[in-house]
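See below for the structure under consideration.
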Amino acid sequence: TTTLTFLDWKRQDTIFEALSVERPTRAAVATGGDPARLSGMLVSADYFEVFGVKPRIGRTFAPGEDQPGAAPVVVLSYSFWQTRLGGDADVLKHDLALDGEPHRIVGVLPAGSFDRDEAVFWKPLIFAPDQLNRIQHWASVVGRLRAGVSLEQARAKMNMLRASLAGVISPKDWGFAVDPFAQWLVGDTLRRSIYLAFGAVLTVLLIACANVANLVLAKGATRRKEMALRAALGASRGRLIGQLLTESLVLCLLGGAAGVAVAYLLLHAAAPLVAASLPFTADLSLDLRVLGFAAAAVMAVLILAGLLPSWQTSFSKLSNSLNQAARGSSGSSAAVRRTIVIGEVAASVVLISGAALLFKSLAKLQQVDAGVRIDHVITMSADLPSTAYPSPESATRFYEAVVQRLRAVPGVEQAGLSQRLPLQGEGWGEGMHLPGVARGFNVGLKLVDPWYFGTLEIPVESGRGIEDRDRAGAPPVVVINRELARHLSSTFGIANPVGRTVGIDLPGYGPIPESVVNVQIVGVIRSERTGGLHAPQGRAAYMPLAQVPQQDIKLVVRTESEPLAVMSGIREAVRQVDPHLALGDVRTMEQVKERSMLWAKQPTWVVGAFAGVAALLAALGLYGVLAHAVTQQRREIGIRMALGARPGDVLSYVLRSAFSMLIVGLAGGLAGAFALTRVLKSLLFEVSPLDPIAVAVACALMTLVGILAAWIPASRAARVDPMTVLRDEG
């Protein structure tokens, strides 16, 4: 929102206990050795009241410390205090230099959520006179609702406030949305990924439970004669059920305890891998809710796995039980176990189909051309502090000096500057206005220096690129990408945009407000991927950084060999220009590309891992059913072979039984996979949720796994010696 709009909200507020504004920032922090560029947050004084945070040491911000003229103060995170300051007990007696300016440390936050945030320090946000307007939408607002106020009431009240300001807000006002903080943190993509992972967990859990039930059923079938004899000797029905349930309880408790232990180990191993995709409030731990869910799962397995066989055993007639024990397992018991295996196969096919779709989507995503050459390119960030670079001219002098130094570093082929990297968004969404057209349209504005296009090998398709002559004081120019040129042609009939004059809303420098400037289009470049590989090509406009200077910039350096090998030379080159300026976010462009695909890679590998576990468990279930059937039918198989059946006939007989379960399971799995399409649709890239190749691969993999699982008991049945069997069981 804008500054004046926020102040109006705060002045007329009746629904929030606390209402605060926040804005990310960066600063060079020197705590010994070279300065480090660290993330922080500019907030109003009541920010920590919104989150109900009490400091571990000292205090948070006092009223008035976010007003002009207040002494500079800072609150630190617990992790920063421990790692950077060594947990100094007298930390409140010292100052911390941020961008060379001393700030009195007034408090340290408690260990916990804020340690997982990217920010490690918090400063009061003091509005500059130039920021007191309704034009610059530059800050976010967070608030804590008063007790008894619902979200719907808050939305209604805020809409009333907006209506009351209709006469003073800017026509460009973007409006607002009142949403729960958790919803804003998690986001739709992460939420869908979590639901998908939870669904995979439940599927594997059901398959594991089915295997346990199958095991207990098989064990119950072999003990049917024992139970019948116990009943004949006077054991009551309750005693028999209690014995079987007790045995199942011991089995489930041991398995549940082992599962919790494995989950604890896996959680700690996976935490560093998924931390980048989770909000800072996420606490990866086994809490009481997780343990309660595990306990409920154990009880469910106990009931399902222990009650059915005990019920079958206790309610069957003694004579039937004795006869069935002599012949082998009962038909009903075998049918139940076969049905369970069919269900396992179906559930596995659903997971494998989902994994196959996600892996194919990821492969498609990795093949997308980023529009730039990313090999041998290293990037880093630099924030120019206002104290050292108070004017646009001082920033421009730094640009020219640092690029000149970087290009002279041994091993550096080319170097350029940009306000934002490829695959990380265009930057600001600004309005473009055509002469004679009443309504403007939005474009992504990116600020670059003359060497940015050459460093990333982005070709100019018509006209020219940004050149060294495009400096402050020279006629303002803009280069547009192919997508914007197409939009101008298809919507406004401008076949050749080069030479046209358009108006663009330009951001200011520091507190300087934005303005509308007429610029000339001097060239069209090939479109680079700005918003991520999965995002459609956006309409982007590129202006010279020297004509629209900014304090937050990215250095883009192409090297002749391994990029990290010249990093020391790059740091020395920057140090020669400004010894107090810290570099941060050092990454190669390959790493930037990999990071842009995290939203697709993590769900893919999670579902793939669970799909593999599910297939293995289903194979074990199939193997168990067939192995038990072969053991129970040894006498029948021996008689068949004595009457002339060949080993191949026995082998095909067992494999046909396996195939019958697999085919029915595959059919059920395909139906489940089709039902999964709505969940997966938003996570796929250029792949249909009903992709026949992915589904066929899933079915083929499950069939192969099933055949391998069935082959061992089938080959064992084919090796049965009829004479030995008839003699032993005759």
Side-chain angles (χ1 to χ4, degrees), residues 23-31 33-42 77 79-80 83-84 98-99 115-121 272-273 275-280 370 372 374-385 388-389 395 398-399 402-403 405-406 409 412 415-428 446-449 452 455-456 528-533 545 550-559 562-575 577-578 580-599:
R23 187 187 187 188
T25 187
R26 296 275 186 134
V29 181
T31 56
D34 291 335
R37 184 173 177 268
L38 301 178
S39 298
M41 195 75 73
L42 300 174
S77 71
S79 62
F80 180 87
T83 57
R84 291 275 179 173
L98 301 177
D99 286 333
D115 290 328
R116 295 185 293 273
D117 192 5
E118 186 180 17
V120 298
F121 66 87
L273 302 178
S277 301
L278 298 177
F280 75 92
V372 298
I374 65 174
D375 62 291
H376 292 91
V377 175
I378 191 166
T379 68
M380 60 224 72
S381 302
D383 283 334
L384 306 183
Y389 301 90
F398 171 81
Y399 302 155
V402 77
V403 168
R405 294 279 187 179
L406 288 174
V409 173
V412 169
L417 302 177
S418 174
Q419 152 266 337
R420 193 170 290 266
L421 296 175
L423 306 176
Q424 289 189 341
E426 298 92 350
W428 294 281
K446 193 166 181 176
L447 309 174
V448 300
D449 77 343
Y452 174 79
T455 302
L456 293 177
E528 63 169 321
R529 290 279 176 174
T530 53
L533 295 174
L545 193 57
Q550 295 298 309
Q551 292 172 293
D552 186 6
I553 59 171
K554 312 292 183 183
L555 282 63
V556 184
V557 180
R558 175 172 296 282
T559 63
E562 175 60 33
L564 293 176
V566 299
M567 195 59 214
S568 59
I570 292 173
R571 290 189 185 277
E572 179 59 31
V574 175
R575 193 179 295 114
V577 179
D578 185 344
H580 303 293
L581 186 67
L583 298 177
D585 302 325
V586 178
R587 296 190 187 100
T588 64
M589 273 305 301
E590 282 92 348
Q591 291 172 326
V592 172
K593 180 181 178 181
E594 290 297 311
R595 190 177 182 86
S596 72
M597 295 190 296
L598 279 179
W599 67 272

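Worth knowing before you read on, the calculation uses all heavy atoms, side chains too, and leaves out hydrogens, waters and symmetry mates.
Nearest heavy-atom pair, Pro563 versus Ile378, reported as atom, atom and distance to 0.1 Å: CB-CB, 3.7 Å. Of all heavy-atom pairs spanning Val592 and Arg587, the tightest one is CG2-CB, 4.1 Å. Shortest non-hydrogen contact noted between Gly569 and Val409 is O-CG2, 3.7 Å. Summarising the geometry of Arg26 relative to Ser39, their closest heavy-atom pair is NE-OG, 3.0 Å, with the distance given to 0.1 Å. Considering all non-hydrogen atoms of both residues, Ala415 and Val403 come closest at O-CG1, 3.9 Å. Arg420 and Tyr452 make their closest contact through O-OH, 4.2 Å (heavy atoms, listed as atom of the first residue, atom of the second, distance).
In this structure a side-chain-to-backbone donor-acceptor pair under 3.5 Å is present from Gln551 to Leu384. Under the 3.5 Å distance criterion, the side-chain polar atoms of Arg558 are matched with a main-chain donor or acceptor of Thr455. In this structure, the side chain of Ser418 does not engage the main chain of Leu421 through any donor-acceptor pair within 3.5 Å.
Note that OG1 of Thr25 and CG of Leu98 are 9.0 Å apart. Values are rounded to the nearest 0.5 Å. Atom CD1 in Ile374 sits 7.5 Å away from atom CG in Leu423 (nearest 0.5 Å). The distance from the CE atom of Met380 to the CE atom of Met567 is 4.0 Å, given to the nearest 0.5 Å. Atom CG of Leu447 is separated from atom CG of Leu545 by 6.0 Å, given to the nearest 0.5 angstrom. Remark: Arg571 CZ to Leu583 CG distance equals 5.5 Å, nearest 0.5 Å.
Annotation: side chain of Ile553 is not in contact with side chain of Asp449 (no heavy-atom distance under 4.5 Å).
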Q.
Let's go through Glu590 and Asp375 carefully: what are the C-alpha distance in whole Å and the side-chain angles of both, what is the deciding distance for side chain to side chain contact (heavy atoms under 4.5 Å, CB included) to 0.1 Å, and is it a yes or a no?
A. CA-CA 7 Å; Glu590 282 92 348; Asp375 62 291; 3.8 Å; yes
Taking it one step at a time, do Val372 and Val377 satisfy side chain to side chain contact (heavy atoms under 4.5 Å, CB included)?
CA-CA 10 Å; Val372 298; Val377 175; over 6 Å; no
Could you give me the CA-CA distance, side-chain angles and deciding distance for Leu38 and Arg84, then say whether side chain to side chain contact (heavy atoms under 4.5 Å, CB included) is met? CA-CA 11 Å; Leu38 301 178; Arg84 291 275 179 173; 4.0 Å; yes
Checklist line | Worked check of side chain to side chain contact (heavy atoms under 4.5 Å, CB included) between Thr379 and Met589 | finding: CA-CA 7 Å; Thr379 68; Met589 273 305 301; 3.8 Å; yes
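Under 4.0 Å is where a charged nitrogen must lie from a carboxylate oxygen, and between Arg575 and Glu572 at least one such pair does. Here Asp585 does not pair with Arg595 in a salt bridge; the nearest charged N to carboxylate O distance is not below 4.0 Å.
By the 6.0 Å contact criterion, NE2 on His376 is enclosed, its count of non-hydrogen atoms from other residues, nucleotides or ligands being greater than 12.
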